[in-house]
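Excluded from the calculations below are hydrogen atoms, water molecules and symmetry mates; all remaining heavy atoms, backbone and side chain alike, are included. As the structure lists them, so they are numbered: ligands from 1, and atoms in each ligand from 1.
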Amino acid sequence: MIVEMKRKASRDEVNSVVEKARSLGFEIQLNLGTDKTVVAILGSNTGQTPIDIFAILPGVESVTRIMKPYKLSSREFKPENTRISIGNVQVGGERLVVIAGPCAVENEEQLMQTAQGVKTAGAGILRGGAFKPRTSPFSFQGMKKAGLELLKAAAGRFQMPVVTEIVDTQDVELFSEYVDIIQVGSRNMQNFSLLTAVGKSKRPVVLKRGFSCTVTEWLTAADYILAEGNPDVILCERGIRTFEDSTRFSLDLSSIPVIKKYSHLPIIVDPSHAAGHFSLVPALAKGAIAAGADGLMIEVHPNPREALVDGLQSLTLSDFSRLMTQLGPLAQSVGRLV
Ligand code: PEP
Ligand code: MN
């Protein structure tokens with residue numbers, strides 16, 4: 001249930017709504033917007049509670065039941081777009097954010113060379129997997145803690161925030177020490193204990209779409225993070241599994257305007273994992289920007305032929321740099337900057 005307060009509602013009036021909800025055993029979350037406060041009333045049986053209980057309280061403008069399963073990520077709860085500041089980068093603002101780097105951190109030289117190249121080309125955030133969720137237990141699993149150390153060193157050297165994927169709830173503290181943004185990968189989008197754990201951290205979270213999950217399931221997963229008090233969730237569309245087999249996954253560009261319509265959270269697009277092939281990446285990246293994405297996450301490797309993971313879909317540094325140049329006018333045509 002969403003209680004929208006009047007523009008000039010006092011702090012006491014907001015508090016009386018909060019106290020009423022708590023006395024009925026509900027949890028609450030406040031959106032202290034610039035214009036007005038919105039109170040989300042959360043609980044499994046809000047459906048049985050008459051809305052009049054809140055509508056009658058002083059300072060209340062309206063009370064609405066949210067029939068969607070997601071609440072905190074919905075635009076009803078927070079009409080204004082969420083903007084997330086990470087160092088000197090903002091996600092969800094006018095300027096698009098480009099996250100780039102290797103699929104996996106492999107060694108110091110590979111990471112530093114990539115960081116320098118993508119930074120020079122205009123990327124704002126460095127990516128690199130230290131713990132890799134691999135389909136086979138016999139594939140390279142990542143450098144783990146040594147990879148986190150290299151990411152932290154690269155962040156310092158190139159003054160770029162870094163993002164890396166978490167696969168275990170027990171690692172949240174470790175990740176918070178080493179990286180600026182924590183990624184929850186596609187395979188873990190509905191790992192609810194992992195979502196709850198990253199929701200307790202102070203780091204922004206990139207939540208990739210599960211490749212067999214609907215937009216509704218994705219936003220409901222985001223609610224797990226928001227409900228723990230972490231407001232900084234960046235959604236990342238990375239393609240879904242369909243009958244089409246000419247690409248690794250089918251990039252669902254329609255999720256971008258759908259998310260923009262129903263949610264306040266920023267959405268970026270990973271064209272690399274969708275495409276599965278470097279030659280397709282630029283077109284998908286451009287399509288994402290044209291469709292209104294807030295940014296991109298792109299796999300880049302200084303020598304894709306030698307890459308331990310996902311070499312076929314990785315751009316070289318020069319391909320990436322060319323793409324960045326091409327994105328400028330395109331971004332401008334949809335009212336954004338790169
Ligand atoms: C990744 O970004 O490194 C990754 C494994 O992607 P996804 O979770 O989308 O497959
Ligand atoms: Mn990859």
message: Heavy atom to atom 1 (C) of ligand 1, shortest distance: which of Glu237, His273, Arg187, Arg134 holds it?
response: His273
task: Give a rough value, rounded to 10 degrees, for the angle at the Mn ion (ligand 2) between atoms NE2 of His273 and SG of Cys103.
output: 160°
- prompt: Can you name the N/O/S atom of Asp310 that is nearest the Mn ion (ligand 2)?
  reply: OD2
- prompt: Does ligand 1 have an atom that lies less than 4.0 angstrom from a heavy atom of Gln183?
  reply: yes
Proximal atoms of ligand 1 relative to Gly185 (non-hydrogen, under 4.0 Å): 8 (O)
message: Considering non-hydrogen atoms of the protein only, which is the closest contact for atom 5 (C) of ligand 1, and what is the distance?
response: Glu165 OE1, 3.6 Å
For the student: nearest non-hydrogen atoms of Ile298 and Ser272, plus distance: CA-OG, 3.6 Å
field: Atoms in ligand 1 flagged as close to Arg238, the criterion being non-hydrogen separation under 4.0 Å
entry: 7 (P), 9 (O), 10 (O)
query: Less than 4.0 Å between a side-chain N and a carboxylate O, is that true for Arg7 and Glu61?
result: no
query: Would you call the rings of Phe131 and Phe175 parallel, tilted or perpendicular if under 30° counts as parallel and over 60° as perpendicular?
result: tilted
message: One thing to verify: whether Asp294 and Lys260 come together as a salt bridge, which I'm taking to mean a side-chain N less than 4.0 angstrom from a carboxylate O.
response: yes
query: What is the nearest protein non-hydrogen atom to atom 6 (O) of ligand 1, stated with its residue, atom name and distance?
result: Lys208 NZ, 2.9 Å
- request: Quick one: look up the protein heavy atom nearest atom 8 (O) of ligand 1 and list residue, atom name and how far away it is.
  value: Ser186 N, 2.8 Å
message: With a 4.5 Å cut-off on side-chain heavy-atom distances among I, L, V, M, F, W and Y, is there a chain of contacts connecting Val38 to Tyr70?
response: yes
query: Do Glu306 and His301 get their side chains close enough for a donor-acceptor pair, meaning under 3.5 Å?
result: no
message: Check this for me: does any side-chain nitrogen of one of Glu165 and Lys208 sit under 4.0 Å from a carboxylate oxygen of the other?
response: no
message: Under 6.0 Å between ring centres: does that hold for Phe26 and Phe54?
response: no
field: For the Mn ion (ligand 2): the N/O/S atom of Glu299 at shortest distance
entry: OE2
- prompt: Is there a nitrogen or oxygen of Asp270 sitting under 3.5 Å from a nitrogen or oxygen of ligand 1?
  reply: no
